[in-house]
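Positions are given from 1 along the sequence. Worth saying up front: this structure is predicted, and the values here are computed from it rather than measured. Only heavy atoms go into these numbers, but all of them, side chains included; no hydrogens, no water, no symmetry mates.
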Amino acid sequence: MLYIVDRRKNPTGKSLGNRQRFMRRAKAQIKKAVEESIRTRGITDINNGDQVIIPGKTLKEPGFHHARRGGNRDYVLPGNKKFVQGDRVARPNEDGGGAGGSKASPDGDGEDEFQFTLTRDEFLDIFFEDLELPDLLKKSLKQTTAFRNARAGFSVQGTPANLSLVRTMRNSLARRIGLRRPKTAEIRDLEDQITALQEKANKRPSGKLTKPDDEKLHALLADLENAKRRMKSIPFIDPIDTRYNQFQQIPDPNTQAVMFCLMDVSGSMSEQMKELGKRFFMLLHLFLHRRYEHVDVVFIRHTSRASEVDEETFFYSRETGGTIVSTALEEMKKVLKDRYPTDQWNIYAAQASDGDNYSNDGAKCTALLAEDLLPKCQYYAYIEITDEREAEIFAAAEGETALWKSYAPLAAVNPRFSLKRVTKAADIFPVFRELFAKNRAEAKT
């Protein structure tokens with residue numbers, strides 16, 4: 001039998017197990033609070049955690065207690081001055097409930113609500129859950145900072161695979177020169193001189209050398225012994241010579257990107273449609289932050305006229321009117337020309353609409369996209385937001401909206417342009433599945 005003992009410390013001194021159990025128990029309330037938070041928070045705030053409020057009544061835990069009525073019970077009571085032996089004690093006139101139960105108060109006071117802080121990863125987990133993203137994609141989106149290995153000099157410790165041969169041999173050579181370690185050629189030269197003197201002695205009739213040669217032979221033998229001793233005591237490579245290549249992870253330098261959010265705010269766009277568009281914009285912003293260090297967001301809303309606005313006006317303004325989509329595309333073209341040159345910015349655009357458009361405006365929209373916008377964009381996504389009833393009508397009649405008819409031929413020939421229909425939050429993921437696949441394919445090529 002396998003036993004696993006987890007000795008990892010809880011983060012920041014908190015009880016991670018208790019926190020996870022609490023979140024599982026209160027998951028429904030936390031999820032509802034996150035949904036409310038998504039409606040009110042900004043697109044650029046999606047990358048942060050949040051504080052959610054949970055009603056206090058939802059935090060009660062079940063427990064066992066004695067009922068006030070029914071059953072046989074024995075009491076052991078302390079002495080008192082009110083009762084004597086044989087007196088009958090009246091039953092308390094109270095409603096059912098155990099000790100510690102809440103009681104109604106005449107002034108309407110109740111229990112406080114519970115405020116709970118979600119970490120960034122916990123908030124994103126709940127946000128991704130509604131979109132039905134796979135676990136692998138959730139993890140990829142959370143990792144907003146990309147790192148790469150870079151050379152960071154040398155170290156005296158490391159793995160054999162990182163051994164720097166050039167630097168190690170350079171240190172070895174410097175040490176041997178500094179300590180004057182004899183070279184192999186020097187020892188060989190001494191041995192040759194000794195051999196020559198010995199052969200000279202063998203050729204003489206007496207078998208002995210003259211006194212000067214004999215002194216020279218003894219000196220050479222002493223030098224040879226000393227050289228061999230020094231060679232053994234001073235190794236060719238010493239552990240202090242070894243150097244290892246050192247690497248460190250540094251943030252991958254990212255270029256800047258701009259994200260254009262275009263949305264139809266005419267009378268046909270309901271609040272639910274705008275909320276689905278907001279979720280899509282949030283996810284796109286989160287994806288871009290994974291790849292780029294700096295991301296600008298430009299909001300363009302349109303009816304029969306288009307204008308660049310702030311985020312609050314973009315989602316919550318009550319302006320309404322007819323629908324001419326080309327005005328938004330012209331406004332995007334103008335902003336690109338004024339502030340975002342293509343040689344300095346990576347350009348992404350997302351357009352949300354219910355598909356309605358002025359009948360004579362389709363050709364102009366197609367021309368603006370094909371000639372002016374798509375050649376400058378890394379990616380352009382159009383999501384058509386419809387409710388489920390309209391989606392069933394379109395499916396039964398095999399019909400298409402005016403804007404879809406204008407965009408479909410262009411999307412068929414341009415890989416940077418994508419069309420998707422969205423009826424609920426879970427439908428947003430197919431757009432991002434295609435977005436990730438295209439960007440990965442471009443990165444490989």
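No hydrogens or angles considered: nothing links the side chains of S266 and T303 as a donor-acceptor pair under 3.5 Å. Checked by atom type, the side-chain pair D310/T313 shows a donor-acceptor distance below 3.5 Å. A donor atom on one side chain and an acceptor atom on the other are not found under 3.5 Å apart for Y380 and N414.
For the atom pair D354 CG and T323 OG1, the distance stands at 6.5 Å (nearest 0.5 Å). Note: F281 CZ to M259 CE = 6.5 Å, rounded to the nearest 0.5 Å. In this structure, CG in L329 is found 6.0 Å from CG in L373, a value given to the nearest 0.5 Å. Rounded to the nearest 0.5 angstrom, L336 CG and D372 CG are separated by 9.5 Å. Rounded to the nearest 0.5 Å, atoms CE (M273) and CD1 (I383) are 11.5 Å apart. Here the CE-OG distance, from M332 to S326, works out to 14.0 Å after rounding to the nearest 0.5 Å.
Side-chain N or O atoms of N357 include one that pairs as donor or acceptor with a backbone N or O of V325 at under 3.5 Å. In terms of modelled atom types and a separation under 3.5 Å, the side chain of R181 and the main chain of I234 share a donor-acceptor contact. At distances below 3.5 Å, not a single donor-acceptor pair connects side-chain atoms of S353 with backbone N or O atoms of D264. Between the R243 side chain and the L165 main chain, no donor and acceptor come within less than 3.5 Å of each other.
Contact detail for T366 and S406: the closest heavy-atom pair is OG1-O, 3.2 Å.
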Test V297 against E311 for side-chain contact (heavy atoms from CB on, under 4.5 Å), laying out the working first.
CA-CA 9 Å; V297 183; E311 185 175 355; over 6 Å; no
Apply side chain to side chain donor-acceptor pair (under 3.5 Å) to the pair T423 and T386, showing each step before the final yes or no.
CA-CA 5 Å; T423 58; T386 58; 5.9 Å; no
side-chain contact (heavy atoms from CB on, under 4.5 Å) evaluation trace for T342 with I347
CA-CA 7 Å; T342 54; I347 301 165; 3.8 Å; yes
With salt bridge (charged side-chain N to carboxylate O under 4.0 Å, His left out) as the criterion, how do K376 and E371 come out once you've worked through the C-alpha distance, each side chain's angles and the decisive distance to 0.1 Å?
CA-CA 9 Å; K376 300 178 180 178; E371 299 173 6; over 6 Å; no
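In summary, of the residues considered (V265, I324, T327, L262), a side-chain contact (heavy atoms from CB on, under 4.5 Å) with H302 occurs for T327 alone. The salt bridge (Lys or Arg N to Asp or Glu O under 4.0 Å) test with E308 is passed by exactly one of K334, R301, R339: R339.
The list of salt bridge (Lys or Arg N to Asp or Glu O under 4.0 Å) pairs with a residue in residues 356-366, not counting sequence neighbours, reads E330-K364.
Note: Y244 and F154 fail the aromatic proximity criterion, with ring centroids not under 6.0 Å apart. Aromatic rings from Y407 and Y382 are positioned such that their centres are separated by under 6.0 Å.
No more than 12 heavy atoms of other residues, nucleotides or ligands sit less than 6.0 Å from atom CZ of R180.
Note on E331 versus R305: no salt bridge recorded, every NZ/NE/NH1/NH2 to OD/OE distance being 4.0 Å or above.
Taking the centre and axis of the six-membered ring of W404, the NZ or CZ atom of R421 falls inside the cone set by 45° and 6.0 Å.
For D238, the side chain to side chain contact (heavy atoms under 4.5 Å, CB included) partners two or more places apart in sequence, or in a different chain, are R175, P235, I240, D241.
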